[in-house]
Amino acid sequence: MKKYPLFYQKVWKECAKIPSGETRTYGWLASKIGVPGAARAVGTALAKNPFAPQIPCHRVIRSDGGMGGYSASGGVAAKRRMLEREASKNHGTS
DNA sequence: ACTTCGGCGTAAA
DNA sequence: TTTTACGCCGAAG
């Protein structure tokens, strides 16, 4: 069991609070954590996240609406796919 | 639309 | 211990 920085845990926690089909920006998450402007630090936290495919970090996107990157499986492609899948699920249509 | 610089936190040197 | 480099960024030019 490794000890992770408090900042990382905050990020993962907030990230886990994001409802399905919804998306948040890194800056929004950073402000929620308590460090507005640390969008990059937030990205770093998600990048080092040991729960990579487990934590809904794929629901976090850039302020531009882009995916930026994705250190977990599949990369940006998988991220985009999950996002669309959860969004469609929200609509109720397949 | 694209490029450049700035700012935050962590990991590594 | 201090400094440098890095990362799923963001804003400005």
Side-chain angles (χ1 to χ4, degrees):
Chain A
M1 183 62 179
K2 259 170 98 83
K3 189 180 111 160
Y4 289 94
L6 179 62
F7 195 86
Y8 282 22
Q9 298 186 34
K10 286 183 187 174
V11 177
W12 306 334
K13 192 164 104 181
E14 289 303 309
C15 180
K17 290 176 192 175
I18 303 173
S20 280
E22 291 294 303
T23 49
R24 294 297 185 266
T25 60
Y26 293 100
W28 186 93
L29 203 51
S31 301
K32 258 294 218 159
I33 290 163
V35 187
R40 230 169 156 178
V42 170
T44 309
L46 290 169
K48 305 255 181 165
N49 158 27
F51 311 93
Q54 210 171 108
I55 291 291
C57 44
H58 55 266
R59 290 181 195 155
V60 188
I61 62 177
R62 301 198 357 177
S63 53
D64 301 89
M67 282 101 234
Y70 198 62
S71 303
S73 346
V76 231
K79 181 173 181 172
R80 201 196 209 160
R81 194 178 205 161
M82 291 183 211
L83 246 20
E84 291 193 52
R85 193 209 312 185
E86 295 189 337
S88 296
K89 184 179 84 168
N90 219 338
H91 286 176
T93 52
S94 359

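Order of the sequence lines sets the chain letters (A, B, ...), proteins ahead of strands, with each chain counted from 1.
- Contact check for A:Cys15 versus A:Arg24: no side-chain heavy atoms found under the 4.5 Å cut-off.
- With DNA chain B read from its 5' end, the first of the two nearest nucleotides for A:Lys48 and A:Ala38 is the one closest to A:Ala38.
- Across all strands shown, nothing is found opposite B:dG7 as a Watson-Crick or G-U wobble partner with both distances under 3.5 Å.
- Regarding A:Trp28, its CH2 atom lies at a distance of 18 Å from the P atom of C:dC9, rounded to whole Å.
- If you check every strand for non-hydrogen atoms under 4.0 Å, A:Gly69 touches a base.
- Residue-level contact check: A:Tyr70 touches the bases, meaning some heavy atom is under 4.0 Å from a base atom.
- When each of C:dA11, B:dA11, B:dG9 is scored by its nearest atom to the side-chain atoms of A:Ser63, the top-ranked nucleotide is C:dA11.
- Separating the CE atom of A:Met67 from the C1' atom of C:dC9 is a distance of 14 Å, rounded to the nearest angstrom.
- Side-chain proximity of A:Val35 to C:dG7, B:dG9, C:dC9: nearest is B:dG9.
- Across every non-hydrogen atom of A:Asn49 and A:Trp12, the tightest pair is CB-NE1, 3.3 Å.
- A:Lys32 places its NZ atom 21 Å from the P atom of B:dC8, with the value rounded to the nearest Å.
- Proximity of a side-chain donor or acceptor of A:Lys32 to a complementary backbone N or O of A:Lys10 within less than 3.5 Å is not detected.
- Base engagement by A:Ser71 is indicated by at least one non-hydrogen atom pair under 4.0 Å involving a base atom.
- At whole-Å resolution of the value, OH in A:Tyr8 and C1' in B:dC8 are 11 Å apart.
- One interatomic measurement links the two molecules: CD1 of A:Ile33 to C1' of C:dC9, which rounds to 13 Å at whole-angstrom precision.
- Taking 4.0 Å as the cut-off between side-chain N and carboxylate O, A:Glu14 and A:Lys17 count as a salt-bridged pair.
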**OP:** Applying side chain to side chain contact (heavy atoms under 4.5 Å, CB included), run through A:Arg59 and A:Leu83 and close with a yes or a no.
**Re:** CA-CA 6 Å; A:Arg59 290 181 195 155; A:Leu83 246 20; 4.3 Å; yes

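- Counting to the nearest Å, the C1' atom of C:dG10 and the CZ atom of A:Arg24 are 19 Å from each other.
- As judged by a 4.0 angstrom heavy-atom cut-off over every strand, A:Ala41 is placed among the base-contacting residues.
- Listed nucleotides C:dG10, B:dG9, C:dG7 differ in distance to A:Arg40; the shortest reach to its side chain belongs to C:dG7.
- Atom CZ in A:Phe7 sits roughly 15 Å away from atom C1' in B:dA11 (whole-Å rounding).
- Computed from coordinates, the A:Asn49 CG to B:dA11 P distance equals 13 Å when rounded to whole Å.
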